[in-house]
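Here is the naming used below: chain letters follow the sequence lines, and residue numbers restart at 1 for every chain. Just so it is clear, the model here is predicted, and its values are computed rather than measured. As a basis for the values below, the full set of heavy atoms in this structure was taken, side chains included, without hydrogen atoms, waters or symmetry mates.
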2 protein chains.
Amino acid sequence: MRIVVPAGGIGGARFLRGLKATLGIVAGQDSDSTITVIGNTGDDITLFGLRVCPDLDTVMYTLGGGINEDQGWGRDDESFTVKEELLAYGMQPDWFGLGDRDVATHIVRSQMLAAGYPLSAVTEALCDRWRPGVRLIPMTDDQVETHVVVEEGGKRRALHFQEWWIRHRAALPALSIVGVGADEARPAPGVLEAIREADAVLLPPSNPVVSIGSILGVAGIREALEQAVVVGVSPIIGDAPVRGMADACLTAIGVETSARAVAEHYGPRLLDGWLVDEADAGAEADGIEVVSRPLYMSGPKATADIARAALDLALDLKERRG
Amino acid sequence: MRIVVPAGGIGGARFLRGLKATLGIVAGQDSDSTITVIGNTGDDITLFGLRVCPDLDTVMYTLGGGINEDQGWGRDDESFTVKEELLAYGMQPDWFGLGDRDVATHIVRSQMLAAGYPLSAVTEALCDRWRPGVRLIPMTDDQVETHVVVEEGGKRRALHFQEWWIRHRAALPALSIVGVGADEARPAPGVLEAIREADAVLLPPSNPVVSIGSILGVAGIREALEQAVVVGVSPIIGDAPVRGMADACLTAIGVETSARAVAEHYGPRLLDGWLVDEADAGAEADGIEVVSRPLYMSGPKATADIARAALDLALDLKERRG
């Protein structure tokens, strides 16, 4: 079975771990199933001359066994010597959690990019070490940067998404969220092919605006997904995001923070099925098959069950479609 | 008093600490004396995309209080997490001691260089933190790389100096040592002016080939020094280098490992005075005033005494010259 998962960071990575478990995929062992992850790169940022890809790394570390489980991002057993020293030199920014182990990843990536390798090849090389058990492809090899337009003191300015998200904790009201470069970006090699050949596409409960939305913004990806069987897992339970600050992003683009509103935002051309939590049982969206079940990824078992439910719904819809 | 010191790494840095002490120079306090250090950059190397300047950093860390005193190079209280992670990614080389604190220095430097700042401006910026109490200028803003030509199995090849020095511990017999780029390199801003205005130039017991020799190789520096009063401190005591593997370098350029031979290698046009150890009392060199005294830099006091003796000899020679 060939499954494609467009994914952001923590939520996407944990969902993928559940999906691997339910499919019995173990790194280094042959499997009948393959998972291709289309990773969001809109959050990528260059810090101190180093190229940082937070979402790709979160997926890679989580599936490769190197993640800090408690915080959900960054390396396990991490130290922050380099960051402290950079601060001692007066280097900014100081609000990004750049650990020593993590820095090595960025050094390898930056060196390979400087040598002319595209990000997709760099990501593949990094995954040679981590063996995540999935094929991890960045959404694009071109540069797309999510910027957030805010208004302060009557003046509008655009911030890099990371500055808005981490430094300001999404507390500055966003007027709009823009994927700078998305229109000109082309999907990375393998992305469209994987979607075309997929038995199912599953949208994890990643941020619908700055993670999934960013991927959908790359010219050609949404159109390809519209031809596939796509089932999403709602990132909203009740009226709140399961984790993160997705509500701030939804508000910025004028979408209500509810499971139903997110499904309608994705729309029936993209979405065939939609998993909502039992708290949202009864939610409906025109042209989308909505199924309710427990959606809290409270542990490995619960997460695998969610992934299985999404996959089963997708396969069921595929069969019904003929 | 204005003193210029062309310097390599450990030996140069320790000598400079003694010179500061004897002149009563304390960082942050006004002093009648200024020391301009012309730092060797022939050892510089790019590792993992980061620009590393071992000699500049050794001077900066030593005089700024951040050096690992036991080994004489690198940062105090150092860890090697980044290096271990780079190795886990299969990155080479593995023979260079790149500590986490040190990495931050290289990140700052690399970022500034990439932004277009010359190395001299970058070095000044790094020294804003370290306050070494001297003006530290790289010998050149241009790239000069010391390469060592060796013969193995009948084939000649050129190695970067660091590979020969650290990886092979100078054990591969060197056929020649070449400063690649030296002919086209220009002295960094301030170098020639400092020499011209110097009351004395002191050569610390740095490696005469790959440290001092590298600096002398930059077009214009030797000529400027020949107009100044220059006193050197022999890096050779008896028939052995005080530290390091200077003998391997001297052999490569056909110079005997002795205090006298090094003085003659520098020559009377460059050198006005030469301090040798008491073990070498009686050594003579045509046209050079040779003075013997204890030269082991066994501690702060002994080192300050050596610096004072070199300075006194230079001032004495200057006065005698008129």
Side-chain angles (χ1 to χ4, degrees), chain A residues 45-52 57 60-61 64-68 74-94 96 98-117 121-132, chain B residues 45-52 57 60-61 64-68 74-94 96 98-117 121-132:
Chain A
I45 188 165
T46 299
L47 294 169
F48 313 110
L50 300 175
R51 191 67 181 161
V52 181
D57 288 348
M60 187 171 78
Y61 294 157
I67 199 77
N68 178 323
R75 288 294 314 280
D76 53 341
D77 192 22
E78 187 59 293
S79 54
F80 292 86
T81 304
V82 173
K83 184 181 177 182
E84 284 160 21
E85 287 291 317
L86 289 170
L87 286 177
Y89 279 114
M91 299 287 281
Q92 291 292 336
D94 59 359
F96 198 91
L98 207 60
D100 297 332
R101 291 183 188 277
D102 204 26
V103 159
T105 300
H106 310 321
I107 287 176
V108 176
R109 176 185 292 121
S110 302
Q111 194 179 5
M112 288 190 71
L113 289 172
Y117 291 95
V122 175
T123 305
E124 204 179 325
L126 293 171
C127 285
D128 274 350
R129 171 182 175 194
W130 290 104
R131 307 195 169 280
Chain B
I45 189 167
T46 300
L47 294 169
F48 313 109
L50 301 175
R51 191 67 181 161
V52 181
D57 288 349
M60 186 171 78
Y61 294 158
I67 198 77
N68 178 323
R75 288 295 315 280
D76 53 341
D77 191 22
E78 187 58 292
S79 54
F80 292 87
T81 304
V82 173
K83 184 182 177 182
E84 285 161 20
E85 287 291 317
L86 290 171
L87 286 177
Y89 278 114
M91 299 287 278
Q92 289 294 332
D94 60 358
F96 198 91
L98 208 61
D100 298 332
R101 291 184 190 277
D102 204 26
V103 159
T105 300
H106 310 321
I107 288 176
V108 176
R109 174 184 294 121
S110 302
Q111 194 179 5
M112 287 190 72
L113 289 172
Y117 290 94
V122 174
T123 305
E124 203 179 325
L126 293 171
C127 285
D128 274 350
R129 171 184 174 193
W130 291 104
R131 307 195 170 279

In terms of heavy-atom proximity below 4.5 Å to chain B, should A:Leu50 be classed as side chain, backbone, both, or neither? side chain

More than 12 foreign heavy atoms under 6.0 Å from OH of A:Tyr117: is that the case here? no

Flag the pair A:Thr81 / B:Thr81 as yes when at least one side-chain heavy-atom distance between them is below 4.5 Å, and no otherwise. no

Would you say that more than 12 heavy atoms from the other residues, nucleotides or ligands in this model lie under 6.0 Å from the OH of A:Tyr89, or not? yes

If you count heavy-atom pairs within less than 4.5 Å of chain B, which of A:Met112, A:Arg101, A:Glu84 leads? A:Arg101

Of the listed residues (B:Ala114, B:Ser110, B:Ala88), which shares the most heavy-atom pairs with chain A below a 4.5 Å separation? B:Ala88

CD1 of B:Ile107 to NZ of A:Lys83, rounded to nearest 0.5 Å, is 13.0 Å

Max heavy-atom pairs within cutoff under 4.5 Å with chain B, candidates A:Gly49, A:Ala115, A:Ala104, goes to A:Ala104

Given B:Val103, B:Asp100, B:Asp128, the one with more heavy-atom pairs under 4.5 angstrom with chain A than any other is B:Asp100

Over 12 foreign heavy atoms within 6.0 Å of CD, A:Glu78: yes

Contacting moiety of A:Glu85, where chain B heavy atoms sit under 4.5 Å: both

